[in-house]
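Notes follow once the structure below has been shown.
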Amino acid sequence: MKRTIHRGAAIIAAGTAGALVLTIAPTAAADSGPSTAERVATVVERTTGTADISRDGQSGVTTPATADGAISAAAVDGSRISIRLPGVGSSNAAETGTGTIVYPGAAKNADLAVQPTAQGVRALITINNANAAKEYRFGLGLPDGATAEQLDNGGVLVTKGEDVLGMFDAPWAKDAAGEAVPTSYRVEGGALVQTVRFDENTSFPVVADPWWNTAWKWTKCAAAVAVAFFPAAKAYKAIKVLGGAKETAKLLWGARTKGDFIKHAKKAGKNGAVEILGIAGMESYCFK
């Protein structure tokens with residue numbers, strides 16, 4: 001079902017009033033110079049690129065009109081989650097021609113941006129100098145019964161019962177020189193908190209992002225595990241040894257390669273990972 005990206009209205013229960021989104025002209029007059037929003041977008045897109053940004057309404061993402069509003073995004077099962085931005089309401093959304101939505105000056109010494117993608121949505125922080133905060137709190141609105149749990153690789157998996165709804169990929173941050181900046185998540189008080197540990201050696205600005213990911217391959221991966229978790233299935237015992245379909249999916253979502261999966265399973269003190277890899281379609285669905 002085709003969904004439309006409503007870029008100009010806040011979407012969660014906080015009741016942020018909708019506002020028209022200022023569209024940045026991509027061909028601003030040469031003598032006026034780039035606007036603040038354009039400069040922020042340039043910094044962000046230098047790090048993320050623009051190839052996977054969705055501009056055709058297919059992502060099902062709704063973005064807020066102000067920086068204290070929330071993103072609404074689809075989960076794997078068709079339900080919705082909300083991700084509240086850690087900004088102030090005085091910063092209004094401005095959209096670039098490439099699809100990046102920018103909130104200039106959204107936090108002290110920092111800007112925010114949002115990029116809807118074909119597989120979810122990125123919420124980006126641009127940290128402008130060493131006087132900026134090192135922690136950014138993204139309030140989460142999850143479906144009833146859903147929980148968020150941190151994985152060994154640093155990502156955060158969202159599940160409901162035995163169903164995987166999506167994942168915040170392992171956090172990353174890069175400085176102006178392209179160097180990685182130490183960063184991590186924690187789940188606290190219904191929020192995803194990202195810490196960015198810049199120091200005196202960091203080149204500013206720093207870009208960091210929580211990325212809500214509902215990639216098609218993970219949907220198929222979770223489905224393959226669920227189908228195999230039946231008493232008559234060949235891999236049933238192996239999945240049971242790993243702790244069931246949910247625990248197996250957690251290990252798979254936290255891995256990037258087959259070797260990672262086996263290593264994570266052993267670290268958890270569980271056998272059966274090799275047998276799981278024999279499930280039909282597992283390799284193509286989960287690791288490619």
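Q194 and T183 share a donor-acceptor pair across their side chains, judged by distance under 3.5 Å alone.
Other residues, nucleotides and ligands contribute at most 12 non-hydrogen atoms within 6.0 Å of the NZ atom of K237.
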(request) Run the numbers on E149 and T159 for side-chain hydrogen bond (donor to acceptor under 3.5 Å, both in side chains), then give the verdict. (result) CA-CA 8 Å; E149 182 177 355; T159 59; 5.4 Å; no
(message) Test side-chain hydrogen bond (donor to acceptor under 3.5 Å, both in side chains) on R39 and T36; report intermediate values, then the result.
(response) CA-CA 5 Å; R39 290 195 296 270; T36 300; 3.2 Å; yes
(request) Test side-chain hydrogen bond (donor to acceptor under 3.5 Å, both in side chains) on R197 and T202 and set out the steps. (result) CA-CA 9 Å; R197 298 178 183 85; T202 302; over 6 Å; no
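Between R186 and E135 there is a salt bridge, since a side-chain N of the basic residue sits under 4.0 Å from a carboxylate O of the acidic one.
Closest heavy-atom contact between F138 and A123: CE2-CB, 3.9 Å. Heavy-atom minimum distance, S82 versus A70: CB-CB, 4.4 Å. In terms of heavy-atom proximity, Y103 sits nearest to V114 at CE1-CG2, 3.9 Å. Considering every non-hydrogen atom in both T214 and G166, the closest pair reads CG2-CA, 4.3 Å. Taking both residues in full, the closest heavy atoms of L85 and L112 are given as CB-CD1, 4.0 Å, listed atom of the first, atom of the second, then distance. The two residues A148 and V158 make their nearest non-hydrogen contact at CB-CG2, 4.2 Å.
Cluster membership for V43 and V102, using ILVMFWY side-chain heavy atoms within less than 4.5 angstrom, is shared. The same ILVMFWY cluster, assembled from side-chain heavy atoms under 4.5 Å apart, contains both W212 and V187.
Put simply, the side chain of Y136 reaches to within 4.5 Å of the side chain of I127, judged on heavy atoms. Considering only heavy atoms from C-beta on, P171 stays 4.5 Å or farther from P210 through its side chain. At least one side-chain heavy atom of V44 sits under 4.5 Å from a side-chain heavy atom of Q115. Proximity of R80 to T62: side-chain heavy atoms (C-beta onward) are separated by under 4.5 Å at one or more points. The shortest side-chain heavy-atom distance between D77 and D163 does not fall under the 4.5 Å cut-off. Using a 4.5 Å cut-off on side-chain heavy atoms (C-beta onward), N201 and E179 make no contact.
The aromatic ring centres of F198 and F204 sit less than 6.0 Å apart.
With hydrogens and angles disregarded, no donor-acceptor distance shorter than 3.5 Å links the side chain of N92 to the backbone of T66. With hydrogens and angles ignored, the 3.5 Å screen pairs no side-chain donor or acceptor of R137 with any backbone N or O of P86.
The side chain to side chain contact (heavy atoms under 4.5 Å, CB included) test with W211 is passed by exactly one of T117, L124, V121: T117.
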